[in-house]
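Okay, so here's the structure we're looking at.
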Amino acid sequence: MSDDEATRETATGETAARGAAPGDAVRGTARGTAPVPLSVLDLVTVGAGSTATRALATSVGLARLAEDRGYHRHWVAEHHSMPGVASSSPAVILAHLAAHTRRIRLGSGGVMLPNHAPLVVAEQFGTLEALAPGRVDLGLGRAPGTDGATAAALRRADRLDEGADEFPRQLSELVRFLDDDFPDGHPYARIHAVPGPVQGPTGRPPVWLLGSSGFSARLAGTLGLPFAFAHHFSARNTVPALELYRDSFRPSAVLDAPYALIGVSALAADDEREARRQALTGALSMLRLRTGRPGLVPTPEEAEAYPFGAAEREFVDGWLANVVHGTPDAVRAGLDGLRERTGADELMITASVHGGEARLRSYELIADAYGMPAGGSPSGTDAQDS
């Protein structure tokens with residue numbers, strides 16, 4: 001076996017996955033009239049006048065609602081040093097969500113692997129798999145999820161290792177820990193991630209690669225892994241990245257064919273004006289972040305009254321053009337069109353707006369628009385406005 005083949009087998013977990021039907025733990029099922037499975041990307045946004053406690057309560061309500069209405073998975077993103085985002089510790093949040101749900105898949109969208117020792121990630125997600133067997137996804141990214149100074153503080157290093165060789169090495173090491181299969185003679189051969197296989201037969205979370213450019217698209221394809229693309233903030237690169245992923249794809253024990261989801265900003269409301277009013281809060285929040293002024297997500301009133309300069313207005317208009325927003329029928333049409341243009345196998349919807357009530361209402365309306373039936377589980381009645 002060549003070095004390249006060994007790296008591929010390690011990174012995909014092929015040794016551990018043999019005997020399982022390829023894709024069983026990856027592919028979802030479309031509900032109602034949705035063209036593909038719909039899922040949730042949760043940033044645990046904190047609005048002005050609210051708290052992280054209330055935002056996290058909203059996330060519990062959202063996970064319950066998503067489970068009840070047939071959304072396939074609920075992922076939490078890793079971000080740091082952003083006042084308007086409370087999802088700095090995905091593994092902690094996912095454990096909490098696992099305790100409040102029964103069926104929906106839960107995962108990271110994603111864990112920024114260069115911020116963490118691979119052994120730590122393997123231990124965290126081995127624990128999550130033990131808490132919610134067969135329901136956990138491990139989505140991995142190679143960006144820091146923050147600015148350079150914060151990344152350096154996270155890693156206790158001035159140099160950020162994000163080169164073309166470093167991430168695949170970290171990925172390979174992580175999967176070796178997940179599968180407990182370092183070869184004899186390796187420095188880590190006697191080190192075990194626990195919970196994990198050293199304790200007996202166990203499942204393990206499927207690994208996804210996340211990206212907003214071509215690097216992870218090509219790597220995911222080469223390794224035969226599922227791929228998630230950040231269309232919600234890198235729309236211009238979506239189609240080229242998905243084409244690169246599909247062109248690079250090599251069947252593996254994980255997947256016999258490509259499987260790609262895209263993150264989509266979408267906000268449905270009972271009328272078009274309210275949808276735009278809510279979406280503007282997320283756009284202003286992003287403007288402030290991109291211009292070095294991060295803060296809590298502003299209220300709709302603050303966003304409407306903000307004195308946008310010409311360049312700021314251009315940014316906000318461009319941002320809103322990539323947010324599918326409006327009435328439920330308009331959002332359904334927008335999502336259908338996006339799926340047709342990209343060929344995505346799954347749409348993962350994020351709604352980064354001020355109020356938790358507006359977020360929950362949006363996911364409910366989208367489910368209604370596609371006729372996604374209620375499943376009878378709790379639907380988030382204890383969620384608070386964030």
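The residues of the chain are indexed from 1 along the displayed sequence.
Contacts of E272 classified as side-chain contact (heavy atoms from CB on, under 4.5 Å), with partners at least two apart in sequence or in another chain: none. Scanning for ring pair (Phe, Tyr, Trp, His ring centres under 6.0 Å) contacts around Y370 gives an empty result, with sequence neighbours left out. Not counting sequence neighbours, the partners of A367 by the side-chain contact (heavy atoms from CB on, under 4.5 Å) test are R69, Y71, M372. Considering only residues two or more places apart in sequence or on other chains, E274 meets the side-chain contact (heavy atoms from CB on, under 4.5 Å) condition with A269, D271, R277, Q278. Residues meeting the side-chain contact (heavy atoms from CB on, under 4.5 Å) test with T202, sequence neighbours left out: P197.
Within 6.0 Å of atom CD in E314, 12 or fewer heavy atoms from other residues, nucleotides or ligands are found, so the atom counts as exposed in its surroundings. Residue R288 places its CZ atom among more than 12 non-hydrogen atoms of other residues, nucleotides or ligands, all under 6.0 Å distant. A 6.0 Å sphere centred on CZ of R236 holds no more than 12 heavy atoms belonging to other residues, nucleotides or ligands.
For Y188 and F177, the ring centers are positioned less than 6.0 Å apart.
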Expected list for residues 239-247: side-chain donor-acceptor pairs under 3.5 angstrom, two or more places apart:
from: Y245; atom 1: OH; to: L225; atom 2: O; distance (Å): 2.7
from: Y245; atom 1: OH; to: Y259; atom 2: N; distance (Å): 3.1
from: Y245; atom 1: OH; to: Y259; atom 2: O; distance (Å): 3.2
from: R246; atom 1: NH1; to: T342; atom 2: O; distance (Å): 3.3
from: R246; atom 1: NH2; to: T342; atom 2: O; distance (Å): 3.0
from: R246; atom 1: NH2; to: G343; atom 2: O; distance (Å): 3.0

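Electrostatic pairing of R332 and D329 counts as a salt bridge here, judged by a charged N lying under 4.0 Å from a carboxylate O.
Under a cutoff of 6.0 Å and an axis angle of 45°, R142 and F167 do not form a cation-pi pair.
For the pairing with M348, the side chain to side chain contact (heavy atoms under 4.5 Å, CB included) check across L261, I262, V264, L38 returns one residue only, L261.
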| query | Are R27 and D345 close enough, and set up right, to give a salt bridge (Lys or Arg N to Asp or Glu O under 4.0 Å), and what steps lead you there? | reply | CA-CA 8 Å; R27 297 186 181 93; D345 299 294; over 6 Å; no
